[in-house]
Amino acid sequence: MERLTIPDEKIEGGVRRTVIDLREVKKNAMTIYWALKKYEDTGLDPDQIVELKERDTAKAPEPAPLGMEGMVCPTCGCKAVPWAKFCDECGQRFVED
Ligand SMILES: [Zn+2]
């Protein structure tokens with residue numbers, strides 16, 4: 001995905017926004033409009049998209065805590081079967097062997 005905006009820079013105590021050249025924004029207005037429309041058409045807000053991205057990023061099941069056997073989902077902690085591609089409870093994608 002090509003960025004159309006400039007990410008904020010994290011600084012001590014907050015974030016620094018880059019000064020934006022309005023002429024450049026106007027020049028690319030329709031490109032920005034169509035990218036925004038595509039996003040809005042999903043009906044999701046940024047937090048939901050981040051959550052889905054996290055869930056779809058493969059993670060390895062972790063060894064179960066003491067007193068439990070096998071492996072557990074690293075996201076929700078429920079029992080994970082080694083051959084499963086996703087967690088039955090939360091949908092977390094697991095790495096494939
Ligand atoms: Zn899970």
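Throughout, numbering of the chain's residues begins at 1 and tracks the sequence. Note that the structure is a prediction, hence the values are computed from the model and not measured. In listed order, ligands and their atoms are each counted from 1.
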**OP:** Just do the side chain to side chain contact (heavy atoms under 4.5 Å, CB included) check on Tyr39 and Leu36 with the steps written out, would you?
**Re:** CA-CA 5 Å; Tyr39 156 71; Leu36 179 60; 3.9 Å; yes
Original post:
Taking it one step at a time, do Lys27 and Glu24 satisfy salt bridge (charged side-chain N to carboxylate O under 4.0 Å, His left out)?
Top reply: CA-CA 5 Å; Lys27 218 190 297 177; Glu24 280 301 308; 2.7 Å; yes
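Inspection of the environment of the Zn ion (ligand 1) yields the following protein N, O or S atoms under 2.8 Å: Cys73 SG, Cys76 SG, Cys87 SG, Cys90 SG.
Using a 4.0 Å cut-off between charged nitrogen and carboxylate oxygen, Glu69 and Lys79 do not count as a salt-bridge pair.
More than 12 heavy atoms of other residues, nucleotides or ligands shown are found within 6.0 angstrom of CD1 on Ile11.
Looking at residues two or more places apart in sequence or on another chain, you find no salt bridge (charged side-chain N to carboxylate O under 4.0 Å, His left out) involving Asp45.
Note that OG1 of Thr75 is 7.5 Å distant from CZ of Phe94, once rounded to the nearest 0.5 Å.
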